[in-house]
Number of protein chains: 2
Amino acid sequence: MAETTKIARNSGVAVWRQIADEIRREIKHGHFKRGEKLPPEMTLAARFGVNRHTVRSAIAALTQEGVLRAEQGRGTFIANAKRLTYPISKRTRMSTSLAEQITQQERVILSHRIEKPSAEVAHALQLSDENAQVHYFETLSIADGQPVSMSDSWFDQQRFPQFDEFYKASGSVTKALKQSGVEDYFRKSTLISAQHANGQDLLHLKLTPGAIVLTAQSVNVDTNGVPVEYSATRFAADRMEFSIESMSLNEE
Amino acid sequence: MAETTKIARNSGVAVWRQIADEIRREIKHGHFKRGEKLPPEMTLAARFGVNRHTVRSAIAALTQEGVLRAEQGRGTFIANAKRLTYPISKRTRMSTSLAEQITQQERVILSHRIEKPSAEVAHALQLSDENAQVHYFETLSIADGQPVSMSDSWFDQQRFPQFDEFYKASGSVTKALKQSGVEDYFRKSTLISAQHANGQDLLHLKLTPGAIVLTAQSVNVDTNGVPVEYSATRFAADRMEFSIESMSLNEE
DNA sequence: TTAAATTTGTCCGTATGTATC
DNA sequence: TGATACATACGGACAAATTTA
């Protein structure tokens, strides 16, 4: 309650930054529990003896760091930290890889359409036919009620004409591919990058502006080495990390 | 010059967001070259018919996305995009993996000390001795004059007592390990995550607040499977991506 | 069910500081 | 040294979302 914290004016360090540092320190030292509400902006402004906007700058910085999460009308909350681990291995299956870490998971197909592949997709799926068509799916993965990833995936429509029916019926890529005649498949290559969340990500993954998404672009192939799926999945970076066990990785 | 762009007030979309979207669009459509200076805030404010602070909000959002880069006293510049690809494979060597993509590279040892391993480091290096000591190195990697990664790495000091001398002399982990009796070594596991850059990152990697770092924590083992190096490397996410070729990855 | 209060979000305006040219 | 341009901080007003009475 008391204005115990000293804010140094004209010290070379911006006031908003000092406030952010202090709030971060207090969270770290357990003054707040995860999920708990931070005092309102006006209260903090009074406590630190600054304008509300200065507090807002500090909160904005901490939000961006992933330390806080603000919700209009409700308040500002202490974000929780722990990440799920997603193993990237030859036989990674979305549905089984997280099973041990969570109690409940769900996959929602947001949209599906048949389209002409972009150059990127055609190259990944090795489609040389001028008239090639692909199934395009946009899916959302939810673990324990919280969205963790959004995925764009493409499948050869000529080779798998009924794939969409199978996929929609079973909700499983593995099952749909099996019904389409692909007994088994493997992850061939994965490209990992990170960028800021875009509008779509913010909406579906329930992120705040400034949040980070970890992107994995992967090509899955059948037992003959022919690509069957190309996908680009965007994970909420504060909820997920990737692990690669490479004792039998390629030499090169 | 003319105020051609329409800003819709009370449209449900914040004005600063509309301006950010418009500037992003113009950059994407080539209205500006990479490295070129954006018009001053006041000019943009006049063009869009808004207050300077509203333009600042838009610029802040784009800075955070990595689209722009503001420098006090100089101006705001269009950031450049293209990423280097870092292959994560069983025999990845920092010094050789990027050789084809860049013309010049350098590695600087920022600091070295002998310390007691943290629980995390002891576990990774499988050091059970109570009195274990490790070499700790902080290094900076530079490609074509631009910093790309910062690394913390640890080596068993008891097993490799002269490692620091060898490393400092050769500047190569591979050579220093060889001189220490390790003929060959392999990447055993890698953990990848992404977070916002901290103060150290901002300084050494020359990033702006809000920038993203891609983190790879990896354990390297000798031919007997005994850990020889544990490292945590932070890459500037806008300059690097990871690739994993997994035709011979683990089954599990 | 409604209305008021609370809390965060947006936008404007002004003043001053700091860094660069 | 002065002009330019970004950074910080203050103040006020209203909007939007949620919770409380």
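As the structure is a computational prediction, the values presented were derived from the model and not from experiment. Labels below follow one simple rule: chain letters A, B, ... track the order of the sequence lines, proteins then strands, and each chain is numbered from 1.
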Problem - For atom CZ of Arg17(B) and atom C1' of dT10(C), their distance in whole Å - result: 12 Å
Handout entry: Spacing between Glu41(A) atom CD and dA16(D) atom P, to the nearest angstrom
Key = 17 Å
Handout entry: Any side-chain donor near an acceptor of the partner, Ser231(A) and Ser218(A), under 3.5 Å
Key = yes
Problem - Terminal axes of the helix from dT2(C)-dA21(D) to dC21(C)-dG2(D) (five pairs each): angle between them, nearest 10 degrees - result: 10°
Practice task
Would you mind classifying the nucleic acid contact of Arg69(A) as base, sugar-phosphate or nothing, using non-hydrogen atoms under 4.0 angstrom?
Solution key: nothing
Exercise for the section: Tell me whether the OP1 or OP2 atom of dT19(D) has a side-chain N or O from Arg74(A) closer than 4.0 Å. Expected result: yes
Exercise for the section: Measure from the side chain of Ala14(A), starting at C-beta and using heavy atoms only, and say which of dA7(D), dT8(D), dT8(C) lies closest. Expected result: dT8(D)
Completion exercise
Rounded to whole Å, the CD1-P distance (Ile59(B) to dT10(C)) equals 17 Å
Problem - Closest-nucleotide 5' rank along DNA chain C - winner of Met42(A) and Asn51(B) - result: Met42(A)
Practice task
Examine the base of dA7(D) for any acceptor or donor lying under 3.5 Å from a partner atom in the side chain of His53(B), and report the outcome as yes or no.
Solution key: no
Exercise for the section: Please determine if a side-chain N or O atom of Thr76(B) lies less than 4.0 Å away from the OP1 or OP2 oxygen of dC6(D). Expected result: yes
Exercise for the section: Just call it for Ser57(A): base, sugar-phosphate, or nothing, with non-hydrogen atoms closer than 4.0 Å on any strand. Expected result: nothing
Problem - More than 12 heavy atoms from other groups under 6.0 Å of NE2 on His123(B) - result: no
Problem - Aromatic contact, Phe242(B) with Phe242(A) (centres under 6.0 Å) - result: no
Practice task
Mind checking ring pair (Phe, Tyr, Trp, His ring centres under 6.0 Å) for His53(B) and listing every partner two or more places apart, or none if nothing turns up?
Solution key: none
Practice task
State whether Arg17(A) and Glu22(A) are salt-bridged, where the test is any N-O pair (Lys NZ or Arg NE/NH1/NH2 against Asp/Glu carboxylate O) under 4.0 Å.
Solution key: no
Problem - Residues Arg24(A), Glu26(A): salt bridge by 4.0 Å N-O rule - result: no
Completion exercise
Whichever of Val50(A) and Glu71(A) has the more 5' nearest nucleotide on DNA chain D, that residue is Val50(A)
Practice task
Scan side-chain atoms only and decide if Glu138(B) and Ser151(B) contain a donor-acceptor pair under the 3.5 Å cut-off.
Solution key: no
Practice task
Would you mind reading off the distance between Leu38(A) atom CG and dT6(C) atom P, rounded to a whole angstrom?
Solution key: 18 Å
Fill in the blank from the handout: Taken to the nearest whole Å, CZ/Phe48(A) to P/dC10(D) is 13 Å
Fill in the blank from the handout: Rounded to whole Å, CZ of Arg56(A) lies from P of dA15(D) at a distance of 16 Å
Exercise for the section: Mark yes or no for a side-chain to base donor-acceptor pair under 3.5 Å between Arg52(A) and dG9(C), with no hydrogen or angle criteria applied. Expected result: yes
Handout entry: Donor/acceptor link under 3.5 angstrom from Gln72(B) side chain onto base of dT18(C)
Key = yes
Fill in the blank from the handout: Walking DNA chain C from its 5' end, the first of Pro40(A) and Gln18(B) to be reached, judged by nearest nucleotide, is Pro40(A)
Handout entry: For atom CG of Leu68(A) and atom C1' of dT7(C), their distance in whole Å
Key = 15 Å
Handout entry: By salt bridge (charged side-chain N to carboxylate O under 4.0 Å, His left out) - contacts of Asp164(B) (at least two apart)
Key = none
Practice task
Would you kindly give the CH2-to-C1' distance between Trp16(B) and dT8(C), to the nearest whole Å?
Solution key: 14 Å
